[in-house]
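See structure below.
By convention in this document, chain letters (A, B, ...) are assigned in the order of the sequence lines, proteins followed by strands, and residues within each chain are numbered from 1.
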Amino acid sequence: MKYEHKSIEQKWQKAWEENGIFHAEENSTKPKFYTLIEFPYPSGQGLHVGHPRSYTALDIISRKKRMQGYNVLYPIGWDAFGLPTENFAIKNHVHPKEVTKKNVARFKSQLQSLGLSFDWSREINTTDPKYYKWTQWIFLQLFKNGLAYKKEMAVNWCTSCKCVLANEEVVNGGCERCGSEVVRKVKSQWMLKITEYADRLIKDLDLVDYPERVKAQQKNWIGKSTGAEVDFTTTTGDTLTVYTTRPDTLFGATYMVISPEHPIIEKLSSVIKNMDEIRAYQEAASKKSDFERTEVAKDKTGVKIEGVEAINPVNNTQIPIFISDYVLVSYGTGAIMAVPAHDTRDWDFAKKFNLPIIEVVKGGEDVQKAAFTDCATGILVNSDYLDGLSVDDAKKKIIEKLEETGKGHAKVNFKLRDWVFSRQRYWGEPIPIIHCPCCGFVPLDESELPLELPDVESYEPTDNGESPLALMTDWVNVKCPKCGADAKRETDTMPQWAGSSWYFLRYMDPHNDNALASPEALKYWSPVDWYNGGMEHTTLHLLYSRFWHKFLYDIKVVPTPEPYAKRTSHGMILGEDGGKMSKSRGNVVNPDEIVDIYGADTMRTFEMFLGDFENAAPWSSSSIKGCRRFIERFMGLTDIMTENNEIRPELESTFHKTIKKVGEDVENLKFNTAIAALMSLINDIYATGSITRKELEIFTKLMSLFAPHAAEEVWSERKLGKGFVSVAEFPVYDESKCVENTVEIAVQVNGKIRDKIVVPVDIDQQGAVSLAKASEKVAAFINGKNIVKEIYVKGKLVNIVAK
RNA sequence: GCCGGUGUGUCGGAAUUGGCAGACGAUGCAGACUCAAAAUCUGUUGCUCGCAAGGGCGUGUGGGUUCGAGUCCCACCACCGGCACCA
């Protein structure tokens, strides 16, 4: 059979769509299976070869589940709000809506040419008002539940995007998207209280099946720490509260450090004698970005506050207070007690400013030479009633004491910050809030949703940090829905992460106008059974969407506490030179070209074969030919088919083993070895010179996961079964037929292989050893020696230990 | 510094979790077909000694456990990813 991939692929893509065979069933009694890939941002560049790696992988899982009788939902849509589209629109003076439309059309045709078994009838688009109506609705619920609030604060400002960024979007001091410089800017911003969910976002990781590296990264980002808050009084009678994870070392606190922005400084400004010096330091610190402040970690700076001291609550010692930018306002209480003997940062600072270092935990070297920070082995000293206790016991005891005396309490802190949720750009969901001079922030009535984006003259971001929407006075000026006074709409829009924080719910019931999805659909399809996506979203989309989902769970909109039962992650496809694919390196592979030259089936098979799915792997323009040959050889099987409707005995165990292996490997994301097993099998088949009808039927079914078009062609051409092979019943293996009668085992002498012998599978130790000894090659190595030990591992080897 | 990961031929990568290292594919080499090339097919392709039969060495490094280690333990090294003055 000739293999003309273009006509074959078009033919079957059309047939699948016309027959709707990949549509998820409504009201099905079958068990459901919901597979999800991260919906793409339809960029102007079109599809990247990286996209199909993830899509094909879950396509294979989806196809297998479908063949195994599941009602599979494998949907697709467009995460279409976002800056690149807006920037393109500005540059070329077209509406972002038009840009999006064009890009979506291109992406859609590219995806369809790959033969992915998406249910296109459920296609969604985050920029569709019918969709973002519900994004806005969720925002209103967050607002009504006190989880969305507006606050004046220092935020990350991308100088190039002219827009604020969430903490999660700042990478190495630069913008996650464009890499430009990020500076601090004080602005009034909408915030979402993700911190309210910090503990649950960690704890509920136990409920889900995620890769360890994803869990670790999320935990790390949320940064839970347990310790205590301790109240120090000052000589002025004020209270200065510190947070510490080492309350056990309280007796060793020899000074205190507060951040330059700490409010107590203003309060005590009349008492502080060196206010000029303090102000100068504050000034200098404020000019630095967060990045600069943390980057110059090598050298500690600070100023001692003259005129006020703090009193250690456990021993009434008077200790000095410093300001230093190594203490952050945004974490804990913005103030610390410094224990230089047992904290390296405090130690560095103490050495620089010549402050006393008092050892309170014994077990290390001289604390005058280095801080001793080991909690596991230390024993408390110089600490009154804590002396002799281990660090853990001392922590418990001191917290008890502090709570008794009202001078402190146990406290848990998180590194996670609330989510900065507003953006000063056009192409995003409008925030449905009205600012009324009398009533404050008034939510739009739900009946007014969607609040559609108005058409504006210019999408250009403004330099004063306002959204382009601010210029649309007709749209901005409204009456307050509560009191009727003149009021203004919020002009900032939502970040790109908003629409993607709940899109997987919409797929369950994409055309519903009365709810984000019906309770029945949510109940049937939740949770997502298998979600594959990139590691780069671990502390962005993946975290945000877990937060939203937990909120929706709390207000009883969704039935499960976690959105995704299982998450996996693919590795990147690198350029042929081993570097990241990029235009500037000139190593970009265009998927259209690959599909054109080799066909979608080859592209799919190769992307699954080129390496371990979870690791990065470089593209190879020569290796892909091997996959093309493989598919040609598969098509060629039709020419050597016999009408025998059995598996031939000599291939029986190989077939059963291959069915087993392909099934298991696919479930474990080991697509490369699944394909290798099929390649081995086809080699074995060609070695016999023919294939039976039954064998071809099984082989075609297995192939349909990877090369669905070619498989359909073979299936229909040789009339191997009814309908489409894509929804035929997946072959079942028989465990008892996976074993062969005889097996080749290795014979070792002193652990070195000297010969190989063929033995019956069930041979016992005695039999195997005597056969082994019968080998001439083996005899040469044991003659004249004492046999100390004989080991037999069934089906594997015999090892004779001789001295 | 902390957390996570990786290290195997010329290359991408396998190895049932302690049992034949290098499956499968790619490259390279040799041959068949061809006027020739491409395609296809056959053989071969870790290093090394040997004419050969055959032997020795080999999974980042150094030790250890074991009849047996790519796999387990200890100590290192290199690279990749994330976090990073978080008290």
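In this structure, A:Val793 reaches the bases: a heavy-atom distance under 4.0 Å links it to at least one base atom across the strands shown. Across all strands, A:Ala335 comes closer than 4.0 Å to no nucleic acid atom at all (heavy-atom distances). Nucleic acid contact for A:Thr245: sugar-phosphate only, since backbone atoms but no base atoms lie under 4.0 Å from a heavy atom of the residue. Contact annotation for A:Asn615: no contact, since no heavy-atom pair falls under 4.0 Å across all strands. Heavy atoms of A:Arg633 sit under 4.0 angstrom from primed sugar atoms or phosphate atoms, though from no base atom. Using a 4.0 Å heavy-atom criterion, one finds that A:Leu610 contacts the sugar-phosphate atoms exclusively. The residue A:Glu744 sits close to a base: some heavy atom pair falls under 4.0 Å.
Taking 4.0 Å as the cut-off between side-chain N and carboxylate O, A:Arg417 and A:Glu169 do not count as a salt-bridged pair.
Nearest-nucleotide positions on RNA chain B for A:Ser330 and A:Lys625 put A:Lys625 closer to the 5' end. Between A:Ala746 and A:Val171, it is A:Ala746 whose nearest contact on RNA chain B lies nearer the 5' terminus.
Using C1' as the reference atom, B:U6 and B:G13 are 14 Å apart when rounded to the nearest Å. The C1' atoms of B:C11 and B:G28 are separated by 11 Å, rounded to the nearest whole Å. B:C41 and B:C24 have their P atoms separated by 15 Å, with the value rounded to a whole Å. Taking the P atoms as reference points, B:A30 lies 13 Å from B:A37, given to the whole Å. Taking the C1' atoms as reference points, B:G7 lies 14 Å from B:U71, given to the whole Å. Here, B:U59 and B:C47 have their C1' atoms 13 Å apart, quoted to the whole Å. Rounded to whole Å, the C1' atom of B:G46 lies 10 Å from the corresponding atom of B:A21. Comparing the C1' positions of B:G70 and B:U16 gives an interatomic distance of 15 Å, to the nearest angstrom.
To the nearest angstrom, P of B:G5 lies 18 Å from OH of A:Tyr210. Separating the CD atom of A:Glu735 from the C1' atom of B:U16 is a distance of 12 Å, rounded to the nearest angstrom. Counting to the nearest Å, the C1' atom of B:A84 and the CG atom of A:Asn167 are 14 Å from each other. Going from atom CD1 of A:Ile640 over to atom C1' of B:C41 covers 14 Å, rounded to whole Å. Computed from coordinates, the A:Phe613 CZ to B:C24 C1' distance equals 19 Å when rounded to whole Å. The distance from atom CD of A:Glu776 to atom P of B:G54 is 11 Å, rounded to the nearest whole Å. Rounded to whole Å, atom P of B:G82 lies 12 Å from atom CG of A:Leu540. One atom, CG of A:Asn799, and another, C1' of B:C67, lie 5 Å apart when rounded to the nearest Å.
Across all their heavy atoms, A:Phe706 and A:Phe671 have their closest contact at CE2-CD2, 4.4 Å. A:Ala338 approaches A:Val257 most closely through the heavy-atom pair CB-CG2, 4.5 Å.
One donor-acceptor pair, N or O on each side, does fall under 3.5 Å between the base of B:C85 and the side chain of A:Lys300.
Close to B:A87, at under 4.0 Å from its OP1 or OP2, lies a side-chain N or O of A:Tyr331. Look at A:Arg629 and you'll find a side-chain N or O under 4.0 angstrom from OP1 or OP2 of B:U40. At B:A87, one or more side-chain N or O atoms of A:Ser225 fall inside 4.0 Å of OP1 or OP2 (strictly under the cut-off). Phosphate contact (OP1/OP2 of B:G19, side-chain N/O of A:Lys796, threshold under 4.0 Å): absent.
In this structure B:A84 sits in no base pair that meets the Watson-Crick or G-U test at under 3.5 Å. Nucleotide B:G58 forms no Watson-Crick or G-U wobble pair with any nucleotide shown, as no partner meets the under 3.5 Å limit on both distances. Remark: B:U6 base-pairs with B:A78; criterion is Watson-Crick or G-U wobble with both hydrogen-bond distances under 3.5 Å. Base pairing analysis places B:A52 opposite nothing; no Watson-Crick or G-U wobble pair with both distances below 3.5 Å involves it. For B:U34, there is no paired base (Watson-Crick or G-U wobble, both distances below 3.5 Å). Of the nucleotides present, none pairs with B:A23 by Watson-Crick or G-U wobble criteria with both distances under 3.5 Å.
The A:Phe781 side chain lies nearest to B:G55 when the options are B:G55, B:C20, B:U27. Nearest to the side-chain atoms of A:Val801 among the listed nucleotides B:A26, B:C67, B:A87 stands B:C67. Closest to the A:Val327 side chain, of the nucleotides B:G12, B:A87, B:G4, is B:A87.
Annotation: A:Asn741, atom CG; neighbour count of heavy atoms from other residues, nucleotides and ligands within 6.0 Å does not exceed 12. Within a 6.0 Å sphere centred on NZ of A:Lys777, heavy atoms belonging to other residues, nucleotides or ligands number 12 at most. Annotation for A:Lys580: atom NZ does not count as buried by contact number, only 12 or fewer foreign heavy atoms lying within 6.0 Å.
Among residues at least two apart or in separate chains, salt bridge (charged side-chain N to carboxylate O under 4.0 Å, His left out) pairs with a member in residues 240-252 of chain A are A:Arg246-A:Asp248. Listed by first then second residue, pairs satisfying salt bridge (charged side-chain N to carboxylate O under 4.0 Å, His left out) with a partner in residues 602-626 of chain A read A:Asp59-A:Arg604, A:Asp612-A:Lys670, not counting sequence neighbours.
In the region residues 748-760 of chain A, proximity to RNA chain B at under 4.0 angstrom, judged on heavy atoms, holds for A:Gln748, A:Lys752, A:Ile753, A:Arg754, A:Lys756. Within residues 668-683 of chain A, the residues having any heavy atom under 4.0 Å from RNA chain B are, by residue number, A:Asn672, A:Thr673, A:Ala676, A:Met679, A:Ser680, A:Asn683.
Partners of A:Thr245 according to the side chain to side chain contact (heavy atoms under 4.5 Å, CB included) rule, which considers only residues two or more places apart in sequence or in another chain, are A:Ser225, A:Tyr243. For A:Asp209, the side chain to side chain contact (heavy atoms under 4.5 Å, CB included) partners at least two apart in sequence or on another chain are A:Lys566.
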Does A:Glu261 form a side-chain contact (heavy atoms from CB on, under 4.5 Å) with A:Gln282? I'd like the steps, not just the answer. CA-CA 7 Å; A:Glu261 297 89 351; A:Gln282 285 179 318; over 6 Å; no

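Base orientation of B:U6: anti, the glycosidic angle falling outside 90° of 0. Applying the 90° criterion around 0 to the glycosidic angle, B:G43 comes out anti.
With hydrogens and angles left out, the side-chain atoms of A:His537 and A:Glu38 include a donor and acceptor closer than 3.5 Å. A donor atom on one side chain and an acceptor atom on the other are found under 3.5 Å apart for A:Glu168 and A:Tyr544. In the model, A:Asp231 has no side-chain atom that pairs as donor or acceptor with a side-chain atom of A:Thr239 under 3.5 Å.
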